[in-house]
Amino acid sequence: GLVGSEMCIRDRFGTVYSASAKEITITEINEFAGTNETKTVKTRSESVEGALEEHGVNVSDTDKINVSTEKPVEDNENIVIKRGKRVTIKVGESEEVVTVTKADVKDALVEAGYIPGEYDQISANGETVASSDTIQLVSVSHTDETETEVIPKGVEYVDDATLIKGQEKVVDEGQDGVKTITYKVTYQDGQEATREVIDEQVTTEMRNKVIANGTICLLYTSDAADD
């Protein structure tokens, strides 16, 4: 060979090998299985893909790798492979199929670009992402809403000794009252789910209508006895 140059050889599969071996580290992380394995190996392959094949490490289209498999392999290369899977994420009426590597449902959502709110509900059709193929995110929000209710006025009768019996007089027209009610309303995906009364206050007092009834009785005399 030439001094200062590396000799390259090609195996029967067409993989190009360098005559001088490089030391690389391969880490395989599978959160679904709870495994994390690291091994340091020698390789004479020129590419990352060749080095992985050389050591029996397969990378599928659902896995995530920290370097391009097509790039030249370097000495002391640190290759990290995270095993992934496809899941369907449902948010409201929309669905999206994504690839995730996180076993925790919330972490998987974040990895896929969905940031759950403080009150949002997260569910999966399995106990963990490993046993699930669908994750559902329900947007939940709370708000205080205020409504008013009319308190109808009543009618109150009082005796009035200044009026003839059968006469009526309105003493006070009265007024309807107003009650202000505050609700804690919960919305799920924009639709009202629950409504809870958290405060009630009478903001305008109700006053009854007051009607006076006469109590004076008139006595009539007859002149027939004078005839």
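If you're wondering where the values come from, they're calculated on a predicted model, not measured in any experiment.
Electrostatic pairing of E77 and K22 does not count as a salt bridge here, judged by no charged N lying under 4.0 Å from a carboxylate O. In summary, D160 and K169 do not engage in a salt bridge, as defined by a charged side-chain N under 4.0 Å from a carboxylate O. In this structure, E111 pairs ionically with K64, as a charged nitrogen and a carboxylate oxygen lie closer than 4.0 Å.
Side-chain atoms of D144 never come within 3.5 Å of backbone atoms of K184 as a donor-acceptor pair (strictly under, hydrogens ignored). In terms of modelled atom types and a separation under 3.5 Å, the side chain of D199 and the main chain of T182 share no donor-acceptor contact. Formation of a donor-acceptor pair under 3.5 Å by the N78 side chain with backbone atoms of N66 is not found in this model. Judged by distance alone, with hydrogens and angles left aside, the side-chain atoms of S132 form a donor-acceptor pair with the main-chain N or O of G126 at under 3.5 Å. N208 places a side-chain N or O within 3.5 Å of a backbone atom of G154 that can act as its donor or acceptor partner. Looking only at distances, no side-chain donor or acceptor of N36 sits under 3.5 Å from a matching main-chain atom of I29.
Applying the side chain to side chain contact (heavy atoms under 4.5 Å, CB included) test to E168 and every residue at least two apart in sequence or in another chain returns Y157, I211, N213. Checked against side chain to side chain contact (heavy atoms under 4.5 Å, CB included), T88 has the following partners two or more places apart in sequence or in another chain: K90, E95, V97, T134. S60 meets the side chain to side chain donor-acceptor pair (under 3.5 Å) test with T62, D63; sequence neighbours excluded. With sequence neighbours left out, the side chain to side chain donor-acceptor pair (under 3.5 Å) criterion links Q136 to no other residue. Under the side chain to side chain contact (heavy atoms under 4.5 Å, CB included) criterion, Q188 pairs with Q121, V138, V140, A193, sequence neighbours left out. The side chain to side chain donor-acceptor pair (under 3.5 Å) check on N125 picks up D133, with sequence neighbours excluded. The ring pair (Phe, Tyr, Trp, His ring centres under 6.0 Å) test applied to Y119 returns H142, not counting sequence neighbours. Take E147 and apply the side chain to side chain donor-acceptor pair (under 3.5 Å) test, not counting sequence neighbours, and it matches R195.
Considering CD of E145 and CD1 of I198, their distance stands at 10.5 Å, rounded to 0.5 Å. Distance check: K179 NZ to D176 CG gives 13.5 Å after rounding to the nearest 0.5 Å.
The two atoms that bring K209 and E173 nearest to each other are CB-O, 3.5 Å, heavy atoms only. When all heavy atoms are compared, the tightest approach of V110 to P116 is CG2-CD, 4.0 Å. The two residues E31 and T101 make their nearest non-hydrogen contact at CB-O, 3.6 Å. Listed here is the closest heavy atom pair of G50 and S47: N-OG, 3.0 Å.
A 6.0 Å sphere centred on CD of E127 holds no more than 12 heavy atoms belonging to other residues, nucleotides or ligands. The environment of NZ in K82 is sparse: at most 12 heavy-atom neighbours from other residues, nucleotides or ligands sit within 6.0 Å. Within 6.0 Å of CD on E70 lie no more than 12 heavy atoms contributed by other residues, nucleotides or ligands. Surrounding NZ of K165 are at most 12 heavy atoms belonging to other residues, nucleotides or ligands under 6.0 Å away.
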task: Apply side chain to side chain contact (heavy atoms under 4.5 Å, CB included) to the pair I216 and L163, showing each step before the final yes or no.
output: CA-CA 6 Å; I216 297 175; L163 297 176; 6.0 Å; no
E23/T40 under side chain to side chain contact (heavy atoms under 4.5 Å, CB included): CA gap, chis, key distance, verdict: CA-CA 7 Å; E23 186 174 273; T40 301; 3.5 Å; yes
- request: Please lay out, stage by stage, how E28 and T35 fare under the test side chain to side chain contact (heavy atoms under 4.5 Å, CB included).
  value: CA-CA 8 Å; E28 294 182 68; T35 58; over 6 Å; no
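By the 4.5 Å side-chain criterion applied to Ile, Leu, Val, Met, Phe, Trp and Tyr, V57 is assigned to a cluster that also includes I24, I26, V41, V48, L52, V59, I65, V67, V73, I79, I81. Taking Ile, Leu, Val, Met, Phe, Trp and Tyr as members and joining any whose side-chain heavy atoms lie under 4.5 Å apart, directly or through other members, the hydrophobic cluster of V171 also contains V158, V210. With a 4.5 Å cut-off between side-chain heavy atoms of Ile, Leu, Val, Met, Phe, Trp and Tyr, the cluster of I151 takes in V202, M206. Clustering of Ile, Leu, Val, Met, Phe, Trp and Tyr by side-chain heavy atoms under 4.5 Å joins V87 with F32, I89, V91, V98, V100, V105, L109, Y114, I122, V129, I135, L137.
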